Amino acid sequence: QVQLVESGGGLVQAGGSLRLSCVASGRIFSLYTMAWFRQAPGKEREFVTSIIRDSGSTYYADSVKGRFTISRDNAKNTVYLQMNSLKPEDTALYYCASRGGLSYRARPDEYDYWGQGTQVTVSS
């Protein structure tokens with residue numbers, strides 16, 4: 001079994017920064033691809049970014065490119081999401097997710113394990 005625990009969310013003013021963390025435990029092959037998704041009230045869950053375990057390849061949604069950075073520390077089984085220049089439209093519940101594959105995937109149903117989420121609120 002895999003457990004994902006997010007932390008680091010909070011309230012920040014527009015233009016500010018936050019760093020989210022996701023600590024993973026469990027079967028390592030299930031952690032090959034780690035991703036962040038977000039879901040705002042009344043909207044569908046959407047892909048934000050992902051990182052592949054061995055290659056370190058990263059992928060970003062167009063809406064966050066240049067502002068968000070994903071990274072991982074494999075020794076600590078931890079993934080980070082550095083969010084800069086935050087905008088009110090970034091307000092959402094942010095979820096950490098993992099899957100066992102080593103290719104780019106952006107649909108929620110392609111991920112096997114999920115955390116409980118951490119709330120990010122950006123005030124204008």
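Source: prediction; values computed, not measured. In what follows, residues are counted from 1 in the order of the sequence shown.
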Checklist entry - Any side-chain donor paired with an acceptor under 3.5 Å for Asp73 and Thr78? => result no
Checklist entry - Between Trp36 and Phe47, is the ring centre distance below 6.0 Å? => result no
Next on the checklist: Does any part of the side chain of Met34, heavy atoms only, come nearer than 4.5 Å to the side chain of Cys96, both counted from C-beta?
Outcome noted: yes
Next on the checklist: Counting C-beta onward and ignoring hydrogens, is there a side-chain heavy-atom pair between Tyr94 and Cys22 closer than 4.5 Å?
Outcome noted: no
Next on the checklist: Is the ring pair Tyr104/Tyr59 parallel, tilted or perpendicular, if the boundaries are 30 and 60 degrees?
Outcome noted: tilted
Checklist entry - Heavy-atom distance under 4.5 Å between the side chains of Asn77 and Val23, does that happen here? => result no
Checklist entry - In this structure, are over 12 heavy atoms from other groups packed under 6.0 Å from Gln3 atom CD? => result no
Checklist entry - CG/Leu4 to CD/Glu6 distance, rounded to the nearest 0.5 angstrom? => result 7.0 Å
Next on the checklist: To the nearest 0.5 Å, what is the distance between OG on Ser17 and CZ on Arg19?
Outcome noted: 12.0 Å
Checklist entry - According to the ring-ring contact (aromatic ring centres under 6.0 Å, His included) rule, which pairs have a member within residues 60-80, sequence neighbours left out? => result none
Next on the checklist: Is any side-chain heavy atom of Leu20 closer than 4.5 Å to one of Val120?
Outcome noted: yes
Item to check | Lys65 and Asp62: CA distance, side-chain angles, deciding distance, salt bridge (Lys or Arg N to Asp or Glu O under 4.0 Å) verdict | outcome: CA-CA 5 Å; Lys65 279 181 183 176; Asp62 287 343; 3.2 Å; yes
Checklist outcome for this item: Heavy-atom closest pair (Ala35 atom, Ser50 atom, distance to 0.1 Å) is CB-CB, 3.7 Å
Checklist entry - What is the distance from atom CG of Leu93 to atom CD of Gln39, rounded to the nearest 0.5 Å? => result 7.5 Å
Next on the checklist: Within the structure provided, determine whether Gln82 and Ser71 are in side-chain contact (heavy-atom separation under 4.5 Å).
Outcome noted: no
Checklist entry - Which heavy-atom pair separates Leu18 from Gly8 by the least distance, and what is that distance? => result CD2-O, 3.9 Å
Item to check | Distance (rounded to the nearest 0.5 Å) between Ile70 CD1 and Thr58 OG1 | outcome: 8.0 Å
Checklist entry - Does the side chain of Met83 come within less than 4.5 Å of Leu81's, by heavy atoms? => result yes
Next on the checklist: Can you pull out every salt bridge (Lys or Arg N to Asp or Glu O under 4.0 Å) where at least one residue sits in residues 43-54? Sequence neighbours excluded, please.
Outcome noted: Arg38-Glu46
Checklist entry - Roughly how far, to the nearest 0.5 Å, is the OG atom of Ser21 from the CZ atom of Arg72? => result 14.0 Å
Next on the checklist: Test side chain to side chain contact (heavy atoms under 4.5 Å, CB included) on Val48 and Tyr95; report intermediate values, then the result.
Outcome noted: CA-CA 10 Å; Val48 176; Tyr95 295 93; over 6 Å; no
Checklist entry - Considering all heavy atoms of both residues, which atom of Ser98 and which atom of Val2 are nearest to each other, and what is their separation? => result OG-CG1, 4.2 Å
Next on the checklist: Atom CD of residue position Gln116 - does it have more than 12 heavy atoms of other residues, nucleotides or ligands inside 6.0 Å?
Outcome noted: no
Checklist entry - What distance separates Ser55 OG from Leu102 CG, expressed to the nearest 0.5 Å? => result 7.5 Å
Checklist entry - Mind checking whether Gln13 and Leu86 have side chains closer than 4.5 Å, heavy atoms only? => result no
